[in-house]
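In what follows, a single structure is set out as structure tokens and then discussed.
So that the names make sense, note that chain A is the first sequence line, chain B the second, and so on, each numbered from 1.
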There are 2 protein chains.
Amino acid sequence: MLREKGFKVTPQRLAICRFVLSSKEHPSVEKIYDKIQKVYPTISLATIYQTLHLLTKIGLLQEFALCNGSLRYDSNISPHLNLICKNCGKIIDYESEKINMFLSEIAKELELSLVGQHLELYVYCNQCK
Amino acid sequence: MLREKGFKVTPQRLAICRFVLSSKEHPSVEKIYDKIQKVYPTISLATIYQTLHLLTKIGLLQEFALCNGSLRYDSNISPHLNLICKNCGKIIDYESEKINMFLSEIAKELELSLVGQHLELYVYCNQCK
DNA sequence: GTTTAAATAATAATCATTATAAATTAGTTA
DNA sequence: TAACTAATTTATAATGATTATTATTTAAAC
Ligand SMILES: [Mn+2]
Ligand SMILES: [Mn+2]
Ligand SMILES: [Zn+2]
Ligand SMILES: [Zn+2]
């Protein structure tokens, strides 16, 4: 995908892709940096930021921020709900055909073309409730 | 509401409430500061932040962040969709009984109690599309 | 193997937010 | 009404996250 769009395939980018595109944890930049440093100790934080923005721009990743403003990265780019525990902060995805139906219904009603979404539900998770 | 909860009613807090609780524009901290400075030129940025957090804590205001991380304040605390224009950044609310139905259906299915939500739909607005 | 534009690393700069501490004040009480 | 006091505000410093800068390195093309 990188090569297709004219970007170089570097070991740093591969390492970041390998971790972040398979993560289901909605990691922060710090988490990603820590993880990548273990397999690639000389990587720079600037490279992490640049690569995450690049992956977002080419549509492989979704960037979002929690209510407090902290940036997170989501490898699930399809429409889904992010269930966020108010207590422990854990985020899990919820996918359902209902969501697609709801969104397309809304889009039709508004006569607007939907180009993206980010849906956060705040809950107490099974461990915390 | 402030007095009920044991907080003092100061002119600074009143000025902030008057603006932000009636605004439908989802203003940023900077926008709020600029606006309040016109009626209250000596106000400190720290007071703005403190007051916004206080109003959020007592449930008069909802704090959220756009995908890029910029903080916004929403005086509409009921469940609704925020329609965000990808081009000009304008945010408008969309309220509908469908949203409440959708959310309660999901909550029942998940057997989780929903304690809040923040729903962003990215679109191109009528002026921009 | 050379070449070159793109990418990386290290670091400085910037911006947003929070912490600190002295001065002021809202609300209570005499 | 005046005095009191804890809460609030202000001004400013500190912090933390992100971006900019620039010299060095490297992926990909030839
Ligand atoms: Mn997700
Ligand atoms: Mn809104
Ligand atoms: Zn939890
Ligand atoms: Zn627009």
Side-chain angles (χ1 to χ4, degrees), chain A residues 1-21 26-58 60-74 89, chain B residues 1-21 26-58 60-74 89:
Chain A
M1 182 78 117
L2 285 167
R3 214 174 264 126
E4 254 176 41
K5 303 243 176 180
F7 299 103
K8 290 183 177 174
V9 176
T10 67
Q12 293 92 332
R13 283 175 175 169
L14 277 178
I16 294 167
C17 284
R18 259 195 282 271
F19 171 60
V20 85
L21 296 184
H26 307 78
S28 65
V29 176
E30 201 190 339
K31 268 270 166 58
I32 296 166
Y33 182 48
D34 290 351
K35 198 83 180 185
I36 303 299
Q37 266 201 323
K38 283 177 188 148
V39 303
Y40 213 103
T42 65
I43 201 160
S44 160
L45 193 51
T47 302
I48 302 282
Y49 275 103
Q50 284 165 10
T51 303
L52 292 172
H53 289 154
L54 178 64
L55 295 177
T56 301
K57 202 177 67 180
I58 66 178
L60 288 172
L61 202 54
Q62 200 193 356
E63 185 179 60
F64 71 95
L66 300 181
C67 284
N68 57 43
S70 90
L71 268 192
R72 298 304 190 87
Y73 286 90
D74 195 341
Chain B
M1 181 77 117
L2 284 167
R3 214 174 264 125
E4 254 176 42
K5 304 244 176 181
F7 298 104
K8 291 184 175 172
V9 175
T10 66
Q12 292 92 333
R13 283 175 175 170
L14 277 178
I16 293 166
C17 284
R18 260 196 281 270
F19 172 60
V20 83
L21 296 184
H26 308 78
S28 65
V29 176
E30 202 191 338
K31 268 269 165 59
I32 295 166
Y33 182 48
D34 290 351
K35 198 84 181 184
I36 303 299
Q37 267 201 324
K38 282 177 188 149
V39 302
Y40 214 104
T42 65
I43 201 160
S44 160
L45 193 51
T47 302
I48 302 282
Y49 275 102
Q50 285 165 10
T51 303
L52 291 172
H53 290 153
L54 178 65
L55 296 176
T56 300
K57 201 177 67 180
I58 66 179
L60 288 172
L61 203 54
Q62 200 192 356
E63 185 178 61
F64 70 95
L66 300 181
C67 284
N68 58 42
S70 89
L71 269 193
R72 298 303 190 87
Y73 286 90
D74 195 341

Identified side-chain contact (heavy atoms from CB on, under 4.5 Å) partner of Gln37(B) from the options Ile32(B), Leu45(B), Thr42(B), Ile43(B): Ile43(B)
Atom pair CG/CG of Leu71(A) and Asn68(B) - distance to nearest 0.5 Å: 8.0 Å
Note, Leu2(B) side chain near Arg13(B) side chain (heavy atom, < 4.5 Å): yes
Atom pair NE2/OG1 of His53(B) and Thr56(B) - distance to nearest 0.5 Å: 6.5 Å
Under 4.0 Å protein heavy-atom contacts per nucleotide of nucleotides 13-30 of chain C, with B for base, S for backbone only and - for none: ---SSBB------BS---
Gap between atom OH of Tyr40(A) and atom OG1 of Thr10(A) - 0.5 Å precision: 7.0 Å
Axial bend angle, the helix from dG1(C)-dC30(D) to dA30(C)-dT1(D): five-pair end segments, nearest 10°: 30°
Between CE on residue Met1(A) and CG on residue Leu60(A), distance to nearest 0.5 Å: 4.0 Å
Candidate pair Phe19(A) and Val39(A), rule side chain to side chain contact (heavy atoms under 4.5 Å, CB included), full reasoning: CA-CA 10 Å; Phe19(A) 171 60; Val39(A) 303; over 6 Å; no
Main-chain N/O of Thr47(B) paired with Thr51(B) side-chain donor or acceptor, under 3.5 Å: yes
Rounded distance (Å) that lies between atom C1' of dT8(C) and atom CG of Leu52(A): 15 Å
Sugar-phosphate, base or nothing in reach of Tyr40(A), heavy atoms under 4.0 Å: sugar-phosphate
Any Glu63(A) side-chain heavy atom under 4.5 Å of Leu52(A) side chain: no
Approximate separation, where rounding is to 0.5 Å, of Ser70(B) OG and Glu30(B) CD: 10.0 Å
Outermost nucleotides of DNA chain D that come under 4.0 Å of a non-hydrogen atom of chain A: dA17(D) to dA28(D)
